Every structure is written in C-alpha cells, then in structure tokens.
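Accompanying notes for the structure given below.
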Number of protein chains: 2
Amino acid sequence: MPSEVALKHFVLNGGKEFLSHISIDSVVFGFHDNQLKVLLLKMNSSEFWGLPGGFVRKEETVEQAAMRILKERTGIEEIFLHQFGVFSDPARSNPFLQRKMFTDKGVEIDEGNWALQRFISIGFFALVEFSQVIPKSDIFSDECFWVNLEDANNLMMDHETILGKALDALRLQLSYQPVGYNLLPEKFTMPELQRLYETILGHPLDRRNFQRKMLSYNILIKLNERREGVAHKAPSLFKFDLERYSQALKEGL
Amino acid sequence: MPSEVALKHFVLNGGKEFLSHISIDSVVFGFHDNQLKVLLLKMNSSEFWGLPGGFVRKEETVEQAAMRILKERTGIEEIFLHQFGVFSDPARSNPFLQRKMFTDKGVEIDEGNWALQRFISIGFFALVEFSQVIPKSDIFSDECFWVNLEDANNLMMDHETILGKALDALRLQLSYQPVGYNLLPEKFTMPELQRLYETILGHPLDRRNFQRKMLSYNILIKLNERREGVAHKAPSLFKFDLERYSQALKEGL
DNA sequence: TCAAAAGTGTTCTAACTACACCCATGG
DNA sequence: CCATGGGTGTAGTTAGAACACTTTTGA
C-alpha cells in the first residue's frame with residue numbers, strides 16, 4: 001500500500017527534512033518628543049542592532065510568547081500587540097555570524113546545534129507608552145535603547161525588512177482602527193494626537209479637518225482642563241473613551 | 001559572568017524548551033456555479049475534513065512551501081497566495097486523534113515522535129480558477145474535493161477557525177485590492193464578476209454602481225464579444241488588463 | 001505688543017447611494 | 001409577446017479637502 005509506505009517514511013524521516021525552528025521578532029513603537037521611536041538591542045560584541053525577540057515555549061501560543069518576551073524587555077505587563085508577518089528566507093540569518101555571537105562570549109557551539117539553524121520568525125508590532133518602558137537587554141545583547149525611527153539602521157539579519165513591514169502594518173491599522181491609546185499618556189491634547197498621526201503616516205495633516213474627524217469617531221472625551229505652562233494658547237486636554245475605543249478597535253472606524 | 005551561563009544554558013537546553021514545529025494550512029478558494037468553494041481533504045479513516053497543508057522544507061520559504069504543497073493538491077504551478085495568520089494554540093491538535101490517524105493506517109508511531117507534537121501553522125489563502133484544478137489527495141487523506149463554503153464544516157483541529165480568518169482576510173483584500181483575475185476564467189461578464197464579489201462579501205450589490213466602480217479602476221478591457229447561448233440579453237465579455245491589474249495589486253485601488 | 005499656536009466654520013469637490021427606463025433575448 | 005436580465009444616466013447625499021479669521025498666551 002503506497003500511502004502506508006509514504007506515511008512511514010514521513011514519520012521516520014520527516015523530522016530531518018521538515019523540522020523548522022520558530023522565533024519571534026517584535027517592533028516596539030513608542031512616541032516621545034514628537035518622534036516615533038523603536039526599541040532596539042545592541043547585539044553582543046557586534047556593530048549590529050536587533051529587534052527584541054525570542055523563542056516560543058512548547059506550552060504557549062506565539063502571542064503569549066511575544067507578550068512574555070516584551071514584558072522582559074520593557075517591564076510592561078499588558079502590551080498592545082499585533083501579528084503582521086512571517087519571515088522565512090532560508091538565507092535570512094548568516095550561520096557564521098550567528099556562531100560568532102556565541103563564541104565571542106566564550107560559549108562553544110557545534111555546527112549542528114539547533115541555535116544555528118534557519119529560524120522562521122513571526123513578526124509582531126507593539127505600541128507602548130514611552131514613559132512606562134524600562135528597557136532591559138537580553139542574553140544576546142549588551143544594551144537596550146529607544147532609537148528614532150529614521151536612525152534605526154545597521155540592523156542584523158532581515159530586521160530592517162521586518163521593521164519596514166511593521167510600519168506598513170501600523171499605517172494600515174491607522175486607516176481603519178484607532179491608534180493612540182497605547183502610545184500616548186492618559187491625558188493628551190489634540191495637537192499631540194495629530195503629531196502622532198503625522199509621524200506615523202509621514203506627512204502633515206490639516207489641523208481643522210483632523211480635529212473634526214477625530215471627534216466624529218466619538219472615542220474622545222474632552223476634559224475641563226488645559227495643558228499648563230506651555231507657550232502660547234493653552235490647548236485642551238482629552239482622554240480616550242475606553243469603551244468606545246475598544247469597540248472601534250473591534251469593529252473598525 | 002551571568003550572560004555566559006545563560007547563553008550556555010540556551011545552547012544546550014533551548015532545543016528542549018523552545019523547539020516548535022511549523023506547518024502550513026491553506027484555504028483554497030474557487031468560484032463555480034455562482035458559489036464560492038473551498039478545497040478540502042477527507043482525512044484518512046476519519047469523519048473529519050481538513051485543509052490542504054504540509055510542512056516546510058529546510059531550504060525553502062513558507063511561501064515556496066505553500067506553493068509546492070498546493071501544486072501537489074491542485075496541479076496549478078503559479079498560484080495566487082496570501083499569508084494571513086499564524087495559529088499556535090498548544091491545544092489546537094489532539095495527540096490522541098493525531099496518533100490514531102497513523103495507527104489506523106498500520107503505521108506505528110511512538111508517543112514522543114515529532115509528528116505528534118504541537119505544530120504552529122502558517123495560514124495562507126489561495127485564489128484559483130475552479131476549472132483548472134485537478135484535486136489530488138495526500139498521504140493523510142482519502143479524497144480531495146471542492147466543497148461549498150457554507151457546507152465546509154466538520155473540519156479537523158482548528159481548521160474552521162482558519163477558514164473563518166481566511167474569509168475575513170479575503171474580504172479585507174477585496175476592499176482595497178482587485179480580486180477576480182485568479183478566480184475567473186480569462187473572459188467573463190460583468191454580472192459574473194458581480195456575483196463573485198457578492199458571494200465573497202455575502203451581500204448583494206447594486207448592478208449599476210458596481211459596474212461604474214469596476215470600470216473606474218481601469219483594470220478591465222471590454223471585448224467586442226458577448227456571452228452566447230444564454231437566456232435573455234447577451235452580456236458583454238470582459239478580460240482583465242493584466243498590467244494595470246498587477247499594478248493595482250501592488251498600489252491598492 | 002507681537003509671534004506663535006489653538007480654536008472654530010464655510011465652501012467646494014469627489015465619491016457613493018438610490019433609483020428608473022429602455023433594450024435584447026429565449027421561451 | 002412577455003418575463004428576465006443586461007445596459008446606461010441622473011439626482012441627492014455625504015465625506016473629505018481646501019482654506020481664513022479670531023483668541024489666547026508667554027516672551
């Protein structure tokens with residue numbers, strides 16, 4: 001029976017032919033000083049930077065893994081996460097450089113070790129409130145920093161591609177779901193929200209049309225307070241109406 | 001040096017803690033008799049149906065793997081594919097049922113065999129021209145059939161979830177990219193294109209507005225031919241302007 | 001008192017919706 | 001000859017874009 005033979009071959013040899021390893025890479029966006037920032041790690045004894053990432057435990061989903069990994073890097077428990085792509089080019093990692101990362105730290109690793117194989121990486125983007133993040137490096141990196149989006153270059157492997165796709169996904173999300181609750185402090189002004197949108201989209205927006213549009217979504221609550229101690233006319237503060245905001249997240253705008 | 005110890009532990013034990021297996025599941029959509037259809041496999045000695053799927057070889061990307069797998073299932077070389085999600089619930093497969101699938105075919109498999117572990121599945125949807133498909137089952141299945149979308153139930157594992165998400169992704173795509181070239185024969189009428197859109201969206205559209213909108217995209221070429229031998233007024237035939245169509249795929253509508 | 005940013009309203013345009021009449025064809 | 005579906009045009013509505021003046025405040 002040919003199918004039985006094929007099944008047997010699959011059970012016995014499939015592991016060698018098919019086993020792929022999986023990892024997670026996350027693009028963490030923050031907003032500060034009117035700039036969109038990305039959390040990066042300075043890789044061990046290397047000129048390269050990398051995205052926060054890690055591996056999936058056997059008992060968790062990829063979302064849980066991303067959440068766990070980002071809690072370790074940022075200190076934030078409940079992080080806004082969105083899966084946006086899979087990166088699986090067999091040449092995405094360079095086994096020579098991979099191995100160097102270990103040997104430079106005095107860790108011997110054989111050529112056949114699992115950690116040097118091709119990893120298929122699941123890409124997530126995360127939105128966090130800049131001021132709440134306490135960056136912490138991992139075992140592969142010396143330091144963990146916020147970097148301005150435009151300065152995020154010299155990234156390892158295909159992390160520049162991943163970052164680019166994350167930005168595309170964020171822009172797409174902006175067009176049919178609200179963004180902001182996860183990136184801004186609790187109270188914010190309309191101009192601040194507008195800067196955020198402009199920064200993500202990469203082009204200026206009309207002040208009046210922007211305000212009208214935002215208000216029409218009914219996800220904002222205008223507070224009876226103004227931003228104090230600021231030059232020129234004091235702008236009103238707003239906060240998000242959480243119930244309507246999360247409804248808009250589900251149903252779209 | 002703590003990071004060295006951690007790195008060593010990672011290299012030696014990470015394989016046990018972290019190694020996840022990866023698979024591919026594809027939702028193949030076809031259109032026939034004014035009905036949206038999905039290609040399903042009747043699983044070996046089981047009441048369940050499954051999506052066409054498979055595993056990723058070490059030297060290929062997930063897209064190449066999906067392409068290869070679907071060529072085997074459909075006979076089509078160049079298939080339109082889109083990756084839309086990752087399915088990784090540790091409970092998505094039932095090891096008992098998985099094992100039964102092998103033992104029922106007379107293939108012994110130990111409990112620890114790789115094929116019984118949790119697989120993280122990458123979801124793709126594919127659009128194919130119904131008449132060009134020659135369905136062919138795989139080693140896990142007895143038969144391969146087209147099934148109407150609404151009759152696609154009794155699916156194994158989380159394949160109903162995957163199918164639902166694929167449909168969401170297809171609907172989303174419909175809203176900002178053209179769909180149709182991959183699902184319709186070379187020549188088609190405007191009402192046929194409209195049925196396709198209505199079937200995917202699940203609601204009727206206005207004939208006149210639909211036609212105007214489609215024509216405004218400039219991706220159609222009106223032919224000097226009409227559909228022959230049909231009841232009532234013979235509708236005009238169209239074909240896609242391939243150059244503009246693929247441009248619209250890239251840039252959106 | 002002036003420069004710079006906030007707050008607000010109107011007009012124009014383009015896209016979408018709703019809707020009706022005539023035409024061609026097979027039964 | 002009539003029922004059915006195809007082909008086309010128009011008016012009304014709505015969302016978005018463009019744009020200018022007044023108000024507030026710190027320097």
Side-chain angles (χ1 to χ4, degrees), chain A residues 33-35 171-172 174-180 184-185 187-239 248 251-253, chain B residues 33-35 171-172 174-178 180 184-185 187-199 201-239 248 251-253:
Chain A
D33 280 342
N34 283 343
Q35 299 252 256
R171 284 178 179 157
L172 185 64
L174 207 62
S175 69
Y176 64 97
Q177 284 185 325
V179 163
L184 292 172
K187 298 174 181 181
F188 52 88
T189 67
M190 191 62 79
E192 282 162 7
L193 183 61
Q194 186 179 340
R195 291 312 156 256
L196 172 62
Y197 270 68
E198 289 176 333
T199 310
I200 293 174
L201 293 173
H203 60 82
L205 299 167
D206 183 274
R207 218 154 45 86
R208 297 151 286 194
N209 294 336
F210 179 80
Q211 174 148 161
R212 187 183 13 235
K213 195 167 183 179
M214 278 299 143
L215 292 176
S216 77
Y217 294 150
N218 281 320
I219 55 173
L220 293 177
I221 296 170
K222 186 169 184 169
L223 302 172
N224 282 325
E225 297 174 66
R226 287 162 181 277
R227 171 77 73 223
E228 306 283 319
V230 75
H232 318 300
K233 185 167 179 176
S236 294
L237 287 168
F238 291 83
K239 65 174 184 179
E251 299 168 16
L253 290 170
Chain B
D33 280 343
N34 284 344
Q35 298 250 259
R171 285 178 179 158
L172 185 64
L174 207 62
S175 68
Y176 65 98
Q177 284 187 324
L184 293 172
K187 298 174 182 184
F188 52 89
T189 68
M190 192 61 79
E192 283 161 5
L193 183 61
Q194 186 178 342
R195 294 307 159 260
L196 172 62
Y197 270 68
E198 290 177 331
T199 311
L201 293 173
H203 60 81
L205 298 167
D206 183 274
R207 216 156 48 85
R208 297 150 285 192
N209 296 334
F210 179 80
Q211 172 146 168
R212 186 183 10 227
K213 195 166 181 179
M214 278 298 142
L215 292 176
S216 76
Y217 294 150
N218 281 319
I219 56 172
L220 293 176
I221 296 170
K222 187 168 184 167
L223 302 170
N224 283 325
E225 299 175 62
R226 288 161 181 278
R227 170 79 71 224
E228 306 282 319
V230 77
H232 319 298
K233 185 169 180 176
S236 295
L237 288 169
F238 292 82
K239 65 174 183 178
E251 299 169 17
L253 291 170

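In the text below, chain A, chain B and the rest are named by the order of the sequence lines, each starting its count at 1. From a predicted model like this one, the values you see are computed outputs, not experimental measurements.
With salt bridges taken as basic N to acidic carboxylate O contacts below 4.0 Å, one links Arg195(A) and Glu198(A).
As rounded to whole Å, 16 Å separates atom P of dT17(C) from atom CD of Gln211(B). Atom-to-atom, NZ of Lys213(A) to P of dA15(D) comes out at 11 Å; the value is rounded to the nearest Å. In this structure, His232(A) places its NE2 atom 12 Å from P of dA3(C), rounding to the nearest Å. What separates CG of Leu253(A) from C1' of dA15(D) is a distance of 14 Å, to the nearest Å. For the pair Lys233(A) NZ and dA5(C) C1', the interatomic distance rounds to 9 Å; values are reported in whole Å. If you measure from atom CG of Leu215(B) to atom C1' of dA15(C), you get 16 Å, rounded to the nearest angstrom. For the pair Arg212(A) CZ and dT10(C) P, the computed distance is 11 Å after rounding to whole Å. Rounding to whole angstrom units, CD of residue Glu192(A) and C1' of dA6(C) are separated by 13 Å.
With hydrogens and angles left out, the side chain of Arg207(B) and the base of dT4(D) share no donor-acceptor pair within 3.5 Å.
For Arg227(B) (side chain) and Leu237(B) (main-chain N/O), no donor-acceptor pair under 3.5 Å exists by modelled atom type.
Between Leu220(A) and Leu193(A), the closest side-chain pair of non-hydrogen atoms falls below 4.5 Å. Two residues are said to be in side-chain contact when any heavy atoms from C-beta on lie closer than 4.5 Å; Lys222(B) and Leu215(B) fail this criterion.
The residue among Arg208(B) and Val230(B) whose nearest nucleotide of DNA chain C lies closer to the 5′ end is Arg208(B). Along DNA chain D, the nucleotide nearest to Asn209(A) and the one nearest to Gly229(A) differ in position, and the one closer to the 5' end is contacted by Asn209(A).
If you check every strand for non-hydrogen atoms under 4.0 Å, Ser236(B) touches sugar and phosphate atoms only.
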